[in-house]
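To start, the structure under review is shown below, and the notes come after it.
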Amino acid sequence: MAVSVRVRIAPSPTGFAHLGTASTALYNVLFSRQNQGTFVLRIDDTDMERNRPEYEALIYDSLRWLDLGWDEGPDHGGPFAPYRQSERLDIYKEEAARLLKDEKAYRCYCTPEELEAERREAQMQKRPYKYSRRCLTTPPPGRTVFAVRFKVPGGEVTFTDMVRGHMKFDADLIGDFIIVKSDGYPTYQFASPVDDARMKMTHVIRGEEHLSNTPYQLMLIDALGYERPTAYAHMPLILAADGAKLSKRKHPESNLMLFKEQGYLPEALINYLALLGWNPGTEQEIFTFDELVRTFSFDRVQHAGARFDWEKLNWINGEYIRKLDDDELASRLQPFVPNLDPAIIKRAVPPLKTRMHKLAQAVDYLDYLWTDPPPPALDSATAERVRAAINVLKDVAWEPEPIEAALEKAVSESGVGKGKFYTPLRDVLTGKKVSLPIHYAFALLPKEKALSRLEQAA
RNA sequence: GGCCCCGUCGUCUAGUGGCCUAGGACGCAGCCCUCUCAAGGCUGAGAUCGCGGGUUCGAAUCCCGCCGGGGCUACCA
């Protein structure tokens with residue numbers, strides 16, 4: 001029997017949950033589903049300085065919002081618990097001790113300043129920098145603070161990448177790197193492969209920024225005597241408009257919660273993310289999740305980074321909004337217009353549906369319902385027409401169709417065109433130049449309120 | 001600096017030697033529809049396939065060089 005697929009994402013809680021995490025999670029879930037595998041969420045919180053528990057909660061919330069659920073994770077455990085690296089410190093200690101005992105690692109007493117000096121020296125001599133191995137050969141006496149360095153065996157490291165094929169790295173170019181920091185915490189470069197191996201990951205699917213890290217991690221897995229994952233997949237990076245990697249620091253717009261707040265539909269974001277860096281080879285652009293599971297494959301993944309295009313996301317989101325049935329759209333709209341009665345939202349949906357790229361735009365169309373616009377100053381001829389509108393509206397049933405019919409009658413009697421007739425009405429009613437079609441704008445507002453706005457202006 | 005990855009319309013991409021006068025989508029422009037804004041329909045502009053050399057009857061597709069972008073090279077992850 002084949003070993004069942006196990007994949008993971010390993011975000012670190014050092015800030016808001018970010019787009020790249022969602023993208024990586026998506027590909028992991030897709031691959032896991034295709035193989036009836038297990039999707040693991042591991043929290044890589046070994047950065048004492050930057051980790052915060054509330055950031056971990058943000059990761060959960062964002063992933064759940066996107067419906068990218070995990071089978072094993074810190075919140076509900078699993079056979080390889082714990083899933084938070086800060087709770088696995090004993091494991092890393094034990095593994096580091098093994099390496100030390102086998103002389104595959106050694107203590108390094110160098111200070112950051114000394115290392116910095118080494119690096120500068122190398123740079124001045126225009127020589128590629130590698131740690132000098134001073135502490136391997138001649139450790140400075142009398143020091144107690146140390147980090148642990150891995151003694152890089154060198155040679156050639158090869159592995160299979162599901163998107164790029166066979167990869168080959170020259171490990172002679174890699175210097176001895178630190179696996180345990182002087183505060184006793186493991187580095188990412190150490191904890192990650194240890195956990196991948198011990199948690200029996202069969203495939204590691206992650207962003208391309210980790211491609212060059214892979215030989216480091218493979219050497220460690222080998223040195224520890226663990227079995228290597230059967231394959232890696234390094235996904236193209238999501239780039240910002242300037243072509244640089246989307247980062248938390250430089251690109252606050254990559255915050256997943258912001259997408260939710262603006263009213264992007266999770267399924268639309270998923271669809272867009274799937275298409276960023278991958279394509280099915282057909283002209284299909286809109287996919288259900290199941291279709292993605294069926295058609296996704298690593299051999300059609302792009303090798304180059306892809307810029308995040310808000311315009312295209314907006315289009316896809318609009319497509320999804322238009323496809324929602326009215327009740328569903330109404331309930332998704334509710335959080336964006338919390339002070340509106342659900343019945344009113346339902347009535348607003350049909351005219352609203354084709355006018356939004358994101359749900360938050362509903363506010364622009366509907367806020368006149370709870371905010372009185374300032375009554376505009378009208379010239380006498382215009383005021384006359386507003387009065388004509390009041391006249392026909394007064395006795396009409398307060399529904400879009402009868403309102404429209406009444407208004408059309410008033411227009412034809414007024415001697416001016418619809419545009420000239422409706423524009424001031426829109427202004428009086430909503431205070432805006434753009435609104436829903438005028439009969440809807442009227443019908444959504446209580447009749448007395450609508451007429452009183454008209455009367456005040458006339 | 002060293003190593004690695006990458007380079008087709010503004011953007012995401014199709015393309016694996018002849019089907020390419022390079023296809024699609026978003027965006028953009030025009031027209032139609034129309035009370036505004038959308039949605040929808042139609043039409044259109046937009047890429048000498050980063051550059052230069054080869055190989056070949058024939059190259060976006062293969063080879064070499066260069067240039068450009070990105071990533072890694074941390075006691076960040």
Side-chain angles (χ1 to χ4, degrees), chain A residues 10-14 44-47 49-51 85 108 110-112 115-116 119 122-130 145-149 161 164 167-170 173-175 177-189 191-192 207-216 234 236-237 239 241 243-245 272 275-285 300 302-316 318 322 351-357 361 364-365 404 407-408 411 417-423 425-427 430 432-439 441:
Chain A
S12 50
T14 55
D44 279 15
D45 54 348
T46 53
D47 185 345
E49 313 257 303
R50 298 193 297 151
N51 292 320
Q85 291 191 324
C108 175
C110 295
T111 64
L115 295 171
E116 184 49 40
R119 260 190 293 270
Q123 196 164 45
M124 262 163 50
Q125 295 175 216
K126 291 188 183 302
R127 152 175 71 77
Y129 175 69
K130 260 174 84 171
V145 177
F146 65 87
V148 179
R149 267 184 205 275
D161 189 290
R164 285 154 223 272
M167 301 298 307
K168 185 163 66 171
F169 286 85
D170 181 0
L173 268 16
I174 298 174
F177 55 94
I178 291 186
I179 56 175
V180 180
K181 305 178 228 176
S182 53
D183 64 4
Y185 271 67
T187 59
Y188 161 79
Q189 215 71 159
S192 183
E208 200 209 295
E209 71 262 40
H210 294 296
L211 187 56
S212 317
N213 289 152
T214 307
Y216 291 69
H234 290 96
L237 259 21
L239 274 21
K245 175 175 111 169
Y272 177 66
L275 250 24
L276 242 202
W278 168 84
N279 81 83
T282 64
E283 285 176 2
Q284 185 176 356
E285 303 264 355
R300 294 202 63 90
Q302 213 64 23
H303 295 190
R307 283 172 216 242
F308 193 86
D309 182 1
W310 290 90
E311 295 295 341
K312 181 120 185 198
L313 204 219
N314 286 341
W315 172 73
I316 288 184
R322 274 167 251 132
L352 214 43
K353 206 172 196 173
T354 57
R355 275 163 248 262
M356 294 183 296
H357 289 119
Q361 288 175 311
D364 297 330
Y365 283 107
E404 184 176 23
L407 250 19
E408 304 239 316
V411 168
K418 273 184 178 183
K420 188 145 188 175
F421 194 93
Y422 289 159
T423 301
L425 292 182
R426 186 186 332 276
D427 190 14
T430 69
K432 298 184 187 201
K433 296 220 171 344
V434 172
S435 80
L436 296 179
I438 197 73
H439 51 296

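In what follows, every chain begins at residue 1, and chains take the letters A, B, ... in the order their sequences are listed.
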Mind listing the closest non-hydrogen atom pair of [X] and [Y] along with its distance?
X         : Y         : value
His234(A) : Arg164(A) : O-NH2, 3.1 Å
Lys181(A) : Pro186(A) : CE-O, 3.4 Å
Ile316(A) : Leu275(A) : CD1-CD2, 4.3 Å
Glu408(A) : Lys418(A) : OE2-NZ, 2.8 Å
Leu239(A) : Gly305(A) : CD2-C, 3.6 Å

Which nucleotide wins on minimum distance to the side chain of [X], given the candidates [options]?
X         : options                   : value
Arg119(A) : rG71(B), rC5(B), rA74(B)  : rA74(B)
Ser435(A) : rC75(B), rU36(B), rC5(B)  : rU36(B)
Arg322(A) : rG40(B), rU13(B), rU36(B) : rG40(B)
Glu209(A) : rA14(B), rG71(B), rU11(B) : rG71(B)
Arg300(A) : rA77(B), rA14(B), rC6(B)  : rA14(B)
Leu211(A) : rA39(B), rC75(B), rC5(B)  : rC5(B)
Ala306(A) : rG1(B), rA77(B), rU13(B)  : rU13(B)
Tyr365(A) : rC12(B), rC37(B), rC76(B) : rC37(B)

Sugar-phosphate, base or nothing in reach of [X], heavy atoms under 4.0 Å:
X         : answer
Leu173(A) : sugar-phosphate
Gly281(A) : nothing
Ser182(A) : base
Cys108(A) : nothing
Asn213(A) : base
Tyr185(A) : nothing
Arg307(A) : sugar-phosphate
His234(A) : nothing
Gly277(A) : sugar-phosphate
Glu49(A)  : nothing
Arg50(A)  : base

[X] [atom1] to [N] [atom2]: how many Å, rounded?
X         : N       : atom1 : atom2 : answer
Tyr188(A) : rG71(B) : OH    : C1'   : 13 Å
Glu208(A) : rC6(B)  : CD    : P     : 8 Å
Tyr272(A) : rU13(B) : OH    : C1'   : 11 Å
Asp427(A) : rC35(B) : CG    : C1'   : 14 Å
Asp45(A)  : rC76(B) : CG    : P     : 14 Å
Lys168(A) : rC4(B)  : NZ    : C1'   : 13 Å
Lys433(A) : rA38(B) : NZ    : C1'   : 18 Å
Leu237(A) : rG70(B) : CG    : C1'   : 8 Å

Any strand: nucleotide that pairs with [N] via Watson-Crick or wobble, under 3.5 Å:
N       : result
rU21(B) : none
rG52(B) : rC64(B)
rC3(B)  : rG71(B)
rA29(B) : rU43(B)
rU34(B) : none
rU16(B) : none

Between [N] and [M], how far apart are the two [atom1] atoms, rounded to whole Å?
N       : M       : atom1 : value
rG24(B) : rG70(B) : P     : 31 Å
rG68(B) : rU8(B)  : C1'   : 15 Å
rG23(B) : rA14(B) : C1'   : 6 Å
rA25(B) : rC64(B) : C1'   : 36 Å
rA22(B) : rG46(B) : P     : 12 Å
rU61(B) : rU56(B) : C1'   : 13 Å
rC33(B) : rG58(B) : C1'   : 49 Å
rC49(B) : rA29(B) : C1'   : 25 Å

Would you say a side-chain N or O of [X] is under 4.0 Å from OP1 or OP2 of [N]?
X         : N       : answer
His303(A) : rC6(B)  : yes
Lys432(A) : rC35(B) : no
Thr46(A)  : rA77(B) : yes

How does protein reach along nucleotides 22-34 of chain B, written 5' to 3' as B (base within reach of a heavy atom under 4.0 Å), S (only sugar-phosphate), or - (no contact)?
-> -SSBSS-------
Within a reach of under 6.0 Å around CD of Glu49(A), are more than 12 heavy atoms found that belong to other residues, nucleotides or ligands?
-> no
In terms of heavy-atom contacts, does CD of Gln123(A) have more than 12 from other residues, nucleotides or ligands at under 6.0 Å?
-> no
Side-chain donor/acceptor of Arg149(A) to base of rC75(B), under 3.5 Å |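 When only heavy-atom distances are counted, Arg149(A) does not reach the base of rC75(B) through any donor-acceptor pair under 3.5 Å.
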Looking at rA77(B), does its base get a donor-acceptor pair with the side chain of Ser12(A) below 3.5 Å?
->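 Counting by modelled atom types and ignoring angles, no donor-acceptor contact under 3.5 Å is found here.
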Start at the 5' end of RNA chain B and walk down; is the nucleotide closest to Thr187(A) or to Met167(A) reached first?
->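 Residue closer to the 5' terminus by nearest nucleotide: Met167(A).
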Does the side chain of [X] reach to within under 4.5 Å of the side chain of [Y], using non-hydrogen atoms?
X         : Y         : result
Gln189(A) : Ile179(A) : no
Pro437(A) : Arg355(A) : yes
Pro215(A) : Ile174(A) : yes
Leu352(A) : Gln361(A) : no

Contacts under 3.5 Å, N or O only, protein and nucleotides 45-51 of chain B:
none

Name the orientation class of the two ring planes belonging to Tyr272(A) and Phe308(A) (parallel below 30°, tilted from 30 to 60°, perpendicular beyond 60°).
->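 The arrangement is perpendicular - the two ring planes meet at more than 60°.
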